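This report refers to the structure that appears directly beneath it.
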Amino acid sequence: MTEHTIPEPIDLNARRALRAPTETTSPAPAESPAHVSTPDLPAPVSTADRPASSDVAYEVELDEPPVLEGVPVPVDTPPVPEGERQPIIPVHLLPGNLPATIRRTCGVWFYHGRFHAVRLPVYGFKVGVFAARGLFRLIGQQISWWWVRNQFALLQHAADSKDTREWARLHREIKNTRTWRGIVLGGELLAVAIGVPVAWSTAPGWCLLALPAGILALAHHGRPMGRTILGTAVVAPRFRKLNSDIVLRAYYAAGLGRPDKPDQEIHFGSPMSRDARNIGSQVVVDLPYGKGWSDVMKAKEAIASGLDVHVNQVFLTPDKSSTRRHTLFVADRDPLAVPVGRSDLLDCKPRNVWRAARFGKDERGRLVEISLMWISVLIGAQPRKGKTFAARLLALYAALDPYVKLIVVDGKNSPDWAKFRLVAHRTVFGTHPSPNDSDPIGHLLEALDEILEHIERVNQALDKLPATVCPEGKLTEELARDPRYPDLRVVMLVMEEFQVYFETEDQNLNKEIAAKLSRIQAVGPSAGVIILSSSQKPSGVGAGDVGRLFNRYRDNHAVRFALKCGNRVVSEAVLGGDAYAEGFDASSLPVGDEYRGVGYLYGMTDETPTVRTFLADHTDAEKILTAARAHRERLGTLTGMAAGEEMKRATRDVLADVRAVMDAETGLQWPTIAARLAERMPEHYADITADAISAQCRALGVPSVGIKRDGQVLKGCKADAVDKAINRRKTNGA
C-alpha cells in the first residue's frame, strides 16, 4: 500500500512573516460534514525544521495555536463559574430531565429503526452484490500476491541496464517466491475445501452466526469507494472548514491589519474550536492596537468575503475586556433562514408573567427570553416583516396568565387583535368610528384614565400594607396573584401602531393622549403596568409638544426589538443611537420570506442577539386565547369587556354615537336611530325619542332628509352628512 505522510505543522508567526500581502492564497478548503470534531492541536515546530519548498496548506481543519497575548480565554462559556464544582450527574441525566432525555433518545432510535426497516430488501440485495464483489476482489488480491505483481518493473529495469546477472538473479528469486506463495495458497484452498464442510456438519448451531458476519465482512470489503451498505437517515449539513490561516486572510483582506508589520498583526485570544452546539466555528480575535469594535463591524461584509461564506453566517460579539477584542462565530449555514417552529404557548397551559417569556432563538440556536415585569417593550419594522406577530406573541403569553389585566389598543383596526376580545379588559380599534369600535378615541382616553387611576390605587395600597406583607413597599408576585388584593393586578397595555394616536385631526386630543401615555410610561412599571408598543413609523410624528412627547414615549422603552427596517434612520429610531454606534443596524437585516420574524433584541441583556421569533399565527392565537379565557373563568379573573361589563363613559358624543349605530348603512330613519341608541348605549340614551335625536343632530349641522326603508319614506339622516359634521367639528376645533 502507498504510504501518505502528514506534513508537520508550521509555526504561525513564521508563516505570517513569510507571507507577503500580495501572496496568492491556496484554494478554499473542501467542505466537511458538520459532525467532524476538532482534533487536538499539535505543538508548533521551529521554522528551521520546515522544508524550504513547503507551502501554506488549507486542507487541515485547524492550525497550531498562535502566540497568545495575556491569559487565554475559553471560547465557550464554562458550564459552571470558574472555581465552582462540576455537577456529579450531567444535567440531562438529572431526575427532572431524565424522562425528556429518554423520550428524545427513544424517539431518535424509533425513527432510525423505521427508516432502515423499510429498506431491508434493498440492503439484502446490496449485501449480496457487495459480498460477491468482495469475494472476487479477495481472490484477485491473493492471485496478485502470488504473482508478485511488482516484479515486471524490476526485471525491465535490469533488462534496460543490460545487467544479465541481475536479471537472472531476480528471475530466480521471483520463481522461488511464486513457488512458496503457491504452496501457501494451495494450503489455504485445501483448508477451505476440507474445513468448511467439516465445520458445517460438526460445529454447534451458534457458530453459524459467523456466516452472516463473514458475508458482511466480504460485503464491506467489496463495496465501491464512497458507498455504504446502509442509507443515511439524517443528512448532516456540509460546511466550510476554518483554520487560523483563513481567518487571518479574511481580516487582512478586510484591511484590519497588516501581516508584514509586527505591531499591525492579528492575534487570537483563544484556540479555534467548534461551538457548544456544533453548528459553527468560533475564535476570539485581538485586533491590532488602534483598531476597535466599530472598525470590525464596518468590515463585516469584507470579512465574510474573505472567509468565503455569506454575511448572514458571520456573527461578531464584543468582548468586555478590551475594545479591540471580539469573538468571531461563523455558522455552518445561514442560521437566520432556519425557522424555530411554533410557539410552546400552543400547549395552552397557564403562564406566569413574573417568569420570562420564551420569545425565540438566537443565531447560535440558544433560547431567548424576555422578562416582561418592570419594563416596556418597543417593536418596530417595515410592514409584513413579523412586527405584529412578535408583539402578539408577548401579548398571548400575558393572556395565559389569568391574573394579568389586558388592555389592547389597535391603531390599525386589523383582524390581528380581534380575538383578544375574549380576554381583554378593554379593547380599542382604530381612530374613527367603525363597526369594531363606535368611539375609539373616547374609549382610548377612558382606558388611559383607568390605567392612571390603577397606578394611584396600587401605590396607595402598597403604602398601607405592612412590611411583612409588602417588603420595601414594592409590588410582589404573591400580592399580584392574591385574591384578597384585586386592585394589585398586573396590567399590560398593548399599543399597536401607537403613532396614529399622536397624529389625529385634533391637535388637542393628540397632546392629551401623548401626555397620558408619557405619564403612564414614567410611573407605570413600578406599579406593575407593562407597556407593549409597536410601530412601522417610529419617527417624524407630530410637532411641537406632541412631537416632543412622542419622542419621549418612544425613547423611554427599556427593551427594543427591531425587525427589518427601511433605512438606518428608522433603525436608529427603534433601537436608539447607541445601538447603531455598537454596530446594530436593522436596515441591514436580510430580506425574504424566510427571514420574517428576524430582528435585533436590544436592552434585555448586555448582549444584543439576532432573534428568530417563535410563530403563532391567527389560528394559533384564537386557540390560545380560548384557553386563556377558560383559565380566567375558572379563577374568576375575567373582567371588563371580556366579562360583558358595560364600560361607562363620562360624557356622550351624539355625532359619533349616531354614526356608530348606522354601521355600514348609507342612511337611517330617526326612529331606527333612536331604537339602536337606546339598545346599545342605554347609559346615555335609555329614554331617547326620534324627535329628540333629530333635534340634537340638526342642531349639530346634520340635515333631516327623507329615507326610504321597507317601502316607507320617513325622515332621517345620511351617513355622509354625519361624517361631514364630524369633520367640520374637528376642523373648527370644537
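Note that these values count all heavy atoms, side chains included, but never hydrogens, waters or copies made by symmetry. For clarity, every value in this text was computed on a predicted model and none was experimentally measured. Heads up: numbering here begins at 1 and tracks the sequence.
- Geometric assessment of K412 against the ring of F429 yields a negative cation-pi assignment under the 6.0 Å and 45° thresholds.
- Comment: R519 engages E456 in a salt bridge, judged by a side-chain N to carboxylate O separation of less than 4.0 angstrom.
- Each of V353, I370, T613, V494 was compared with L394 under the side-chain contact (heavy atoms from CB on, under 4.5 Å) criterion, and only I370 meets it.
- Considering every non-hydrogen atom in both V490 and A480, the closest pair reads CG2-CB, 4.1 Å.
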- Task: Tell me, with the steps shown, if D585 and S587 meet side chain to side chain donor-acceptor pair (under 3.5 Å).
- Result: CA-CA 5 Å; D585 181 5; S587 65; 2.7 Å; yes

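- In terms of heavy-atom proximity, L422 sits nearest to A642 at O-CB, 3.5 Å.
- With contacts defined as side-chain heavy-atom distances shorter than 4.5 Å, the pair V654/C697 qualifies.
- Residue P525 comes nearest to I375 through the heavy atom pair CB-N, 4.5 Å, listed as atom of the first residue, atom of the second, then distance.
- No hydrogens or angles considered: nothing links the side chains of Q536 and Q382 as a donor-acceptor pair under 3.5 Å.
- Atom-to-atom distance recorded for L479:CG and Y403:OH is 13.0 Å, nearest 0.5 angstrom.
- A salt bridge links R548 to D545: at least one charged side-chain nitrogen sits closer than 4.0 Å to a carboxylate oxygen.
- In this model, a donor atom of one side chain and an acceptor atom of the other lie less than 3.5 Å apart for Y595 and N312.
- A salt bridge is absent between K718 and D720: the closest approach of a Lys/Arg side-chain nitrogen to an acidic carboxylate oxygen does not fall below 4.0 angstrom.
- Proximity of I520 to L448: side-chain heavy atoms (C-beta onward) are separated by under 4.5 Å at one or more points.
- Counting heavy atoms from C-beta on, the side chains of L345 and R351 come closer than 4.5 Å.
- At a threshold of 4.5 Å between non-hydrogen side-chain atoms, the residues F502 and L509 do not count as touching.
- At a cut-off of 3.5 Å, with distance as the only test, a side-chain donor of E477 or N352 sits close to an acceptor on the other residue.
- The side chain to side chain contact (heavy atoms under 4.5 Å, CB included) test applied to T672 returns L668, Q669, R676, R709, not counting sequence neighbours.
- With hydrogens and angles left out, the side-chain atoms of T317 and H326 include no donor and acceptor closer than 3.5 Å.
- Contact detail for V702 and C717: the closest heavy-atom pair is CG1-CB, 3.7 Å.
- Of the possible donor and acceptor atoms, none in the side chain of R632 sits under 3.5 Å from a partner among the backbone N and O of A627.
- One N or O on the side chain of T637 and one on the backbone of P402 form a donor-acceptor pair closer than 3.5 Å.
- At distances below 3.5 Å, not a single donor-acceptor pair connects side-chain atoms of H557 with backbone N or O atoms of Q521.
- In this structure, R342 forms no cation-pi arrangement with F614, as its terminal cationic atom is not both closer than 6.0 Å to the ring centre and no more than 45° off the ring axis.
- With salt bridges taken as basic N to acidic carboxylate O contacts below 4.0 Å, one links E503 and K537.
- Atom CD1 of I688 and atom CG of L677 lie 7.0 Å apart (nearest 0.5 Å).
- A 4.5 Å side-chain heavy-atom check between K474 and L462 finds every atom pair outside the cut-off.
- By the 30° and 60° cut-offs, the orientation of the rings of F420 relative to W417 is tilted.
- Rounded to the nearest 0.5 angstrom, S534 OG and M495 CE are separated by 9.0 Å.
- Between the side chain of S526 and the backbone N or O of V523 there is at least one donor-acceptor pair closer than 3.5 Å.
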- Task: Begin from the C-alpha positions of R457 and L488 and carry the test side-chain contact (heavy atoms from CB on, under 4.5 Å) through to its verdict.
- Result: CA-CA 8 Å; R457 289 198 305 271; L488 299 183; over 6 Å; no

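- With rounding to the nearest 0.5 Å, the separation of CG in L517 from OH in Y553 is 5.0 Å.
- Using a 4.0 Å cut-off between charged side-chain N and carboxylate O, D593 and R596 make a salt bridge.
- Every residue two or more places apart in sequence or in another chain was checked for a side-chain hydrogen bond (donor to acceptor under 3.5 Å, both in side chains) with W293, and none qualifies.
- Salt bridge status for E497 with K387: present, with a side-chain N to carboxylate O gap under 4.0 Å.
- Using a cut-off of 4.0 Å between Lys/Arg side-chain N and Asp/Glu carboxylate O, K405 and D487 are scored as not salt-bridged.
- Shown here are the ring pair (Phe, Tyr, Trp, His ring centres under 6.0 Å) partners of F359, two or more places apart in sequence or in another chain: F561.
- Side-chain N or O atoms of D410 include one that pairs as donor or acceptor with a backbone N or O of S414 at under 3.5 Å.
- Checking each of D437, I513, T431, D449 against L444 for a side-chain contact (heavy atoms from CB on, under 4.5 Å) leaves exactly one that passes, namely I513.
- Side-chain contact, Y685 with E679: no donor N or O sits under 3.5 Å from an acceptor N or O.
- D344 and R358 are joined by a salt bridge, as a carboxylate oxygen and a charged side-chain nitrogen come within less than 4.0 angstrom of each other.
- Partner of R426 under the side-chain contact (heavy atoms from CB on, under 4.5 Å) criterion, out of I407, V409, V408: I407 alone.
- Between G528 and W374 the shortest heavy-atom distance is N-CZ3, 4.3 Å.
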- Task: Could you give me the CA-CA distance, side-chain angles and deciding distance for D617 and F389, then say whether side-chain contact (heavy atoms from CB on, under 4.5 Å) is met?
- Result: CA-CA 7 Å; D617 59 20; F389 277 64; 4.1 Å; yes

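- No donor-acceptor pair under 3.5 Å is formed between the side chain of R355 and the backbone N or O of S371.
- The backbone N or O of R552 lies less than 3.5 Å from a partner atom in the side chain of N556, making a donor-acceptor pair.
- Two residues are said to be in side-chain contact when any heavy atoms from C-beta on lie closer than 4.5 Å; V591 and K385 meet this criterion.
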- Report the C-alpha distance between T639 and H425 in whole Å, list the side-chain angles of each, state the deciding distance to 0.1 Å, and finish with yes or no for side chain to side chain donor-acceptor pair (under 3.5 Å). CA-CA 5 Å; T639 62; H425 179 75; 2.9 Å; yes

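- In this structure a side-chain-to-backbone donor-acceptor pair under 3.5 Å is present from H443 to D439.
- Side-chain atoms of T605 come within 3.5 Å of backbone atoms of E607 as a donor-acceptor pair (strictly under, hydrogens ignored).
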- Derivation and outcome, side-chain contact (heavy atoms from CB on, under 4.5 Å), residues N459 and I455: CA-CA 6 Å; N459 291 331; I455 295 171; 3.7 Å; yes

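- E369 places no side-chain N or O within 3.5 Å of a backbone atom of A357 that could act as its donor or acceptor partner.
- No side-chain heavy atom of V598 sits under 4.5 Å from any side-chain heavy atom of V611.
- Contact of the Y485 side chain with the C470 side chain is not registered, since no non-hydrogen atoms from C-beta on lie closer than 4.5 Å.
- R612 has no carboxylate O lying under 4.0 Å from a charged side-chain N of D362, or vice versa, which leaves the two without a salt bridge.
- Across every non-hydrogen atom of L532 and A391, the tightest pair is CD2-O, 3.2 Å.
- S571 OG to L589 CG: the interatomic distance, rounded to the nearest 0.5 Å, is 7.5 Å.
- Summarising the geometry, atom CG belonging to L655 is positioned 5.5 Å from atom CD1 belonging to I726; distances are rounded to the nearest 0.5 Å.
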